[in-house]
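Beneath this line is the structure, given in structure tokens, with notes to follow.
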Number of protein chains: 2
Amino acid sequence: MPTAEKRPRADAVRNFERLLETAREQFETRGAEMAFEDVARVAGLGKGTLYRHFPTRDHLLAALLASTFEDLAVEADRLLATRAPLEAYVEWLGAFDRMPAPYRGLRAVLMESLGDDASAIAIACEPLKRSFAAIVAGAQRDGLVHVHIDSDELMTVVAALPDHLRGTEPQHPWLDVVIDGSLTDAGRQARRT
Amino acid sequence: MPTAEKRPRADAVRNFERLLETAREQFETRGAEMAFEDVARVAGLGKGTLYRHFPTRDHLLAALLASTFEDLAVEADRLLATRAPLEAYVEWLGAFDRMPAPYRGLRAVLMESLGDDASAIAIACEPLKRSFAAIVAGAQRDGLVHVHIDSDELMTVVAALPDHLRGTEPQHPWLDVVIDGSLTDAGRQARRT
DNA sequence: ACCTGAACACCGTTCAAGT
DNA sequence: ACCTGAACACCGTTCAAGT
């Protein structure tokens, strides 16, 4: 008995991969606002083919970033299991902050998409959101992070930190300010020791 | 002896004002990404005329916001003169945060422009930046705000707070987190009393 | 000196025709 | 079933011609 999912045509599979590869190159050199048209042209395929595989820019970016998002979810689970709550919280936010670094304009996209639950990116980020939410809940249970902090919103705020304030350091200079502002007095105390 | 500045032609003056007025309407209804073309068309003038008066979108927005920027500078001076340093700091940031509220997309523009000293908006903001810098310096002198906080960067970060996290309250819910993160322990202490 | 709008460019999106 | 690229739309920007 055949599988429910029909296997796509061989040329469709080939084109899908070719587009993804070209998009990745464009994404790295031109940033997240790369021209949709160029991706198709450089890949040597029609625009329609690109639209067939990726109906929106979000779908394309979500496909490009899928493995990055998975890594972040795994990292969150690892930190939750192996570190103290506050340490897990601070370290994961650092990892999340560094993630968009190689891709110009990605922060702006994330900031928009994370809030819109219907977007392909938000859907791809769901596991990662859930894992970070567990870290935040743990830190809140211990009275280290303010209870009114929402983990999804915090991610959005961190993604919104202006790119051009970033220096040569891997970590955004204002991340520490946001983290500190999210901590209770006990959390601040604990962070110093 | 005539003035050094030649007086512009009467129709030029009339058109300038007409464009500004139309742009304000468009800005309020369509947001900061309003179509440049539409402003000219709705004003009943050619596109070239718009470009003559406002070479870039930034020039147009700077003209629209000039009085708002002036108000913020005056307000900063007033707070510096009449309030305790911490109170002036917190209150002015609140005023700055509420300022872009009526204009969709203005935050994104500010976030970009404030960092680029050559932009018309950054130039229009210079008095306001200087006045706020004085407030920050005062609060830092009293050990209430961390010394590594740069007042211009702080403004950029506040402008970058995601619009869609804003609720019905006039003040952005994350402004408090950023402010708290910028304070020293003494500053936090003082804020509670 | 200033205004006008045609003209060009660039790019996103759709869809009829082809394989 | 999938691909192609012409065609349309929208908008920013420039500039030759007009007043």
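Source: prediction; values computed, not measured. Because only heavy atoms are used, hydrogens play no part in the values below, and waters and symmetry mates are left out as well, while side chains stay in. Letters A, B, ... are given to chains in the order of the sequence lines, protein chains preceding strands, and every chain is numbered from 1.
- By the 6.0 Å contact criterion, CZ on A/R30 is open, its count of non-hydrogen atoms from other residues, nucleotides or ligands being 12 or less.
- In this structure, the side chain of A/S113 does not engage the main chain of A/S119 through any donor-acceptor pair within 3.5 Å.
- We find that CZ of A/R41 is positioned 13 Å from P of D/dG5, with the value rounded to whole Å.
- Between the side chain of B/Q140 and the main chain of B/I149, a donor-acceptor pair closer than 3.5 Å is present.
- For the pair B/L110/B/I121, a side-chain contact is recorded, criterion being any heavy-atom separation below 4.5 Å from C-beta on.
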Could you pull out the protein-nucleic contacts involving nucleotides 13-15 of chain C (nitrogen or oxygen on both sides, under 3.5 Å)?
residue, atom, partner, partner atom, Å
C/dT13, OP2, A/Y51, OH, 2.7
C/dT13, O5', A/Y51, OH, 3.4
C/dT13, O4, A/K47, NZ, 2.6

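- Within 6.0 Å of CD in A/E21 there are 12 or fewer heavy atoms belonging to other residues, nucleotides or ligands.
- Counting heavy atoms from C-beta outward, A/S182 and A/Y89 have side chains that approach closer than 4.5 Å.
- A/L45 places its CG atom 15 Å from the P atom of D/dA6, with the value rounded to the nearest Å.
- Between A/R52 and D/dC2, a side-chain N or O to OP1/OP2 separation shorter than 4.0 Å is present.
- A residue-by-residue look at B/G44 and A/E33 shows that B/G44 has its nearest nucleotide of DNA chain C further toward the 5' end.
- Note on A/E126 versus A/K129: no salt bridge recorded, every NZ/NE/NH1/NH2 to OD/OE distance being 4.0 Å or above.
- Taking atom CG of residue B/D38 and atom P of nucleotide D/dG12, one finds them 8 Å apart after rounding to whole Å.
- Taking every heavy atom of both residues into account, B/D180 and A/R188 meet most closely at O-NH2, 3.0 Å.
- Hydrophobic clustering (side-chain heavy atoms under 4.5 Å, transitive across Ile, Leu, Val, Met, Phe, Trp, Tyr) groups B/I135 together with B/M99.
- Separating the CH2 atom in A/W92 from the CG atom in A/L80 is a distance of 12.0 Å, to the nearest 0.5 Å.
- Near DNA chain D, meaning a heavy atom under 4.0 Å away, the residues from residues 14-30 of chain A are A/N15.
- Between B/F54 atom CZ and C/dC3 atom P the separation is 11 Å, expressed in whole Å.
- Looking at DNA chain C, the stems built from 3 or more consecutive Watson-Crick or G-U wobble pairs, each pair with its key distances under 3.5 Å, are C:4-8 with D:12-16, C:12-16 with D:4-8.
- B/R9 places its CZ atom 8 Å from the C1' atom of D/dT19, with the value rounded to the nearest Å.
- Looking at the side chain of B/P8, the nearest of the listed nucleotides D/dC3, C/dC2, D/dG12 is C/dC2.
- Of the charged side-chain nitrogens involved, none lies within less than 4.0 Å of a carboxylate oxygen, so that B/R14 and B/D11 do not count as a salt-bridged pair.
- The phosphate of D/dC2 (OP1 or OP2) has no side-chain N or O of A/H53 nearer than 4.0 angstrom.
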